[in-house]
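A quick write-up on the structure given underneath.
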2 protein chains.
Amino acid sequence: MLLASGVNIPEISSGQYNTVYNLFSLSIAALGFTGIYLLLSQRRVLERYRNALVVSAMVCFIATYHYFRIFENFKASYVTPDKVASSKSVYMLTGIEFNEAYRYVDWFLTVPLLLVETIAVLALARSVAKPLLAKLVFASALMIGLGYPGEVATSDGTRLLWGALSTIPFIYLLYVLFVEVSKSLDRQPAEVRSTVGKLRIMLVGLWGVYPIAYLFPVFGGSFAGASGFVARQAGYSLADIFAKAAFGLVIFKIARIKSEVDDPSYSENLSDAAPVPA
Amino acid sequence: MLLASGVNIPEISSGQYNTVYNLFSLSIAALGFTGIYLLLSQRRVLERYRNALVVSAMVCFIATYHYFRIFENFKASYVTPDKVASSKSVYMLTGIEFNEAYRYVDWFLTVPLLLVETIAVLALARSVAKPLLAKLVFASALMIGLGYPGEVATSDGTRLLWGALSTIPFIYLLYVLFVEVSKSLDRQPAEVRSTVGKLRIMLVGLWGVYPIAYLFPVFGGSFAGASGFVARQAGYSLADIFAKAAFGLVIFKIARIKSEVDDPSYSENLSDAAPVPA
C-alpha cells in the first residue's frame, strides 16, 4: 500500500498552483462580503432573529480570517525557481510547510456556531433549544477534534482510523438534527417549513463533502499526490463557501420570511401588497 | 496565424507600466468610495429600496478587494532592473505571473449581483422577480465561467472558441433583459421609466466593452503584445468603474425618485416644495 500523505506535496504545476491560489482568493471574497451583507441586513428582520444573522456573519468572518492566513501561507509554501513564471513553471515546496491546521482551527470555531445560528433562527422554546444545542455543539467540536490527527497523518491507516472515530459524533449529529430537530419543524410557520427542510439537507449534503475530500489521499491514483492536494483544497474551499456563506443567506431568508409572518410591517413585497389603483 | 497570448507579456515600457498602475489605483478609489457612499445614503430611500443599495455597495466592495489584489499582483509581476526608474525604464515580468483570474473571480461574484440589484430596485412582484432572477443569475455565471478558459488561452483559436461559447448565455441575458424585463417597465412610475430604460442601455453598452477588450489579442497589431495588454487592462478597468460604480449611482437615483413618488416626505427638493413666504 502506498504511503499517501495528504500534506507536504513537494511539487505542483503552474496550473495547479493558480487553481488553488484563485480558489483561496474567491473564498476570502465570498465569505467576507457575505458576512458584511448579513450584518448590514439586520434591520430587515425582527429583533428576535437578528442574533442568527450576527452569528452567521461571525462564522463568515472567522472563515475569512482563516482564508487570509491560508492564502498567505500557500504563497509562502510554494514558489517557482523560474525567474519568469509561465504556464510551464513548476512550484516547489519551500521551508514553510502548508499548514492544514488552519482549517481545523476554523472548523472547531465555526461548525458549532453554524449549529447555533441554525437553532437561533428556528426560535425554539428555551427549554427545547438549550439541551439540543449542548448536544450539537459538543458532538460537532468532537467531530473536528478527532478529524485533525488523521488529516496530518502520513499513513493511510492512521488517516482512516481517525476518520472513522470522527464519523461517530458526525452520525450522532445527523441523528439529533433529523430526529430531534424534526419534532420542532411542525411548530414552524408553514411558509418556512420547506426552507427549513432545505437547510437541514444543505447541512448534511455539504458536510458530506468534507469527509470525501478528507479521504482523497486514501483513494490514491489522481486523488493522491499533487492533483489530490488540489482536489482536496478545492473541495474544502467550495464546501466552506456553500456551508458558511450560502448557508448564512438561507438563514437570512428564513429570518426574513418569519419576520414577515410574525409582523406584516416587515413585508417589503409592495407590488404584491399594494392596493390596485382604482 | 500569430500566437497571440493575452497573458505573460514579457516586457512593458515605463509609460505602459504607469498607465496600468494608475488605472488600477483609480479603480480602487472610484469603486471603494462609491460603495461607502451608497451605504451612507441608505436613509435617503424608502426601506424597500435599501437592499438594492446594499447589494450595489457589496458589488463595489468585492471589486475594490479584487483591484487591491490586482494592483499588488501587478507591482510584483513587473519590475524594472534600473536602480533609478525613469521614463526610459523597461519593466520585465518576474517569477510572479500577472493573474488575470482575479477579474473572472470578481465577475463571477459581481455580475450576478448587478442583476440582483437591478431587479431589486424595480421592486417587482415576488412571483415575477424570482424566476426572472434565477434565469439572469444562471446565465451570467455561465457567461463568466465560459469566458475564463479563453482569457488564459495562448492561441487565438481557443480564445475565439470559448469567447463564442460565452456569447450564447450573454445573448440569452440580453433577451431576458429586453423582452421579459420590458414587460414590467410599464408598471414603473412614469417619473423613473426613462432612467430605468437608461439602466438597461448601460448594462448592454458597458457589458459590450468586455468582449471587445477580450478580443484585443486576436485583433493583433497594436492590440496584441504589450500595447494590447495595456489596452485590455484599461478597457476592463474603465468598464468596471462604469458598470459597477456609475451603475450603482444610477440604481441609487432610481431608488431616490421612486421613494419620492411613493412617499413625498422623501422629497429633498426644498426650493420647489417650500411654501412661498407671504
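Within every chain, numbering begins at 1; the chains are lettered A, B, ... in the order of the sequence lines, protein sequences first and strands thereafter.
Most heavy-atom pairs under 4.5 Å with chain A, from the set Arg69(B), Gln42(B), Arg50(B): that is Arg69(B). Top candidate by heavy-atom pairs under 4.5 Å with chain A, chosen from Thr94(B), Val55(B), Val105(B), is Thr94(B). Your options are Ile62(B), Val128(B), Leu39(B), Leu109(B), and the one with the most heavy-atom pairs under 4.5 Å with chain A is Ile62(B). Top candidate by heavy-atom pairs under 4.5 Å with chain B, chosen from Ser25(A), Pro81(A), Ala29(A), Ser41(A), is Ser25(A). Here Met58(B) is the residue among Met92(B), Met58(B), His66(B) with the most heavy-atom pairs under 4.5 Å with chain A.
Contacts between Thr80(A) and chain B at a heavy-atom distance below 4.5 Å involve the side chain alone, from C-beta outward. Residue Ile96(B) touches chain A through its backbone alone, counting heavy-atom pairs closer than 4.5 Å. Both the backbone and the side chain of Asn22(A) have a heavy atom closer than 4.5 Å to some heavy atom of chain B. For Thr34(A), no part sits under 4.5 Å from any heavy atom of chain B, backbone or side chain. Using a 4.5 Å cut-off between heavy atoms, Phe71(A) contacts chain B through its side chain alone, with no backbone atom that close.
Using a 4.0 Å cut-off between a side-chain N of Lys or Arg and a carboxylate O of Asp or Glu, Arg126(B) and Glu260(A) qualify as a salt bridge. The residues Glu100(A) and Arg232(A) are annotated as salt-bridged, a charged nitrogen and a carboxylate oxygen being separated by less than 4.0 angstrom.
Going from atom CG of Asn73(A) over to atom CZ of Phe24(A) covers 8.5 Å, rounded to the nearest 0.5 Å.
Asp240(B) and Tyr210(B) share a donor-acceptor pair across their side chains, judged by distance under 3.5 Å alone.
For Trp107(B) and Tyr236(B), the ring centers sit closer than 6.0 Å to each other.
Heavy atoms of other residues, nucleotides or ligands lying less than 6.0 angstrom from CZ of Phe247(B) number more than 12.
Relative to the six-membered ring of Tyr214(B), Arg159(B) meets both conditions, a distance below 6.0 Å and an angle of at most 45° to the axis.
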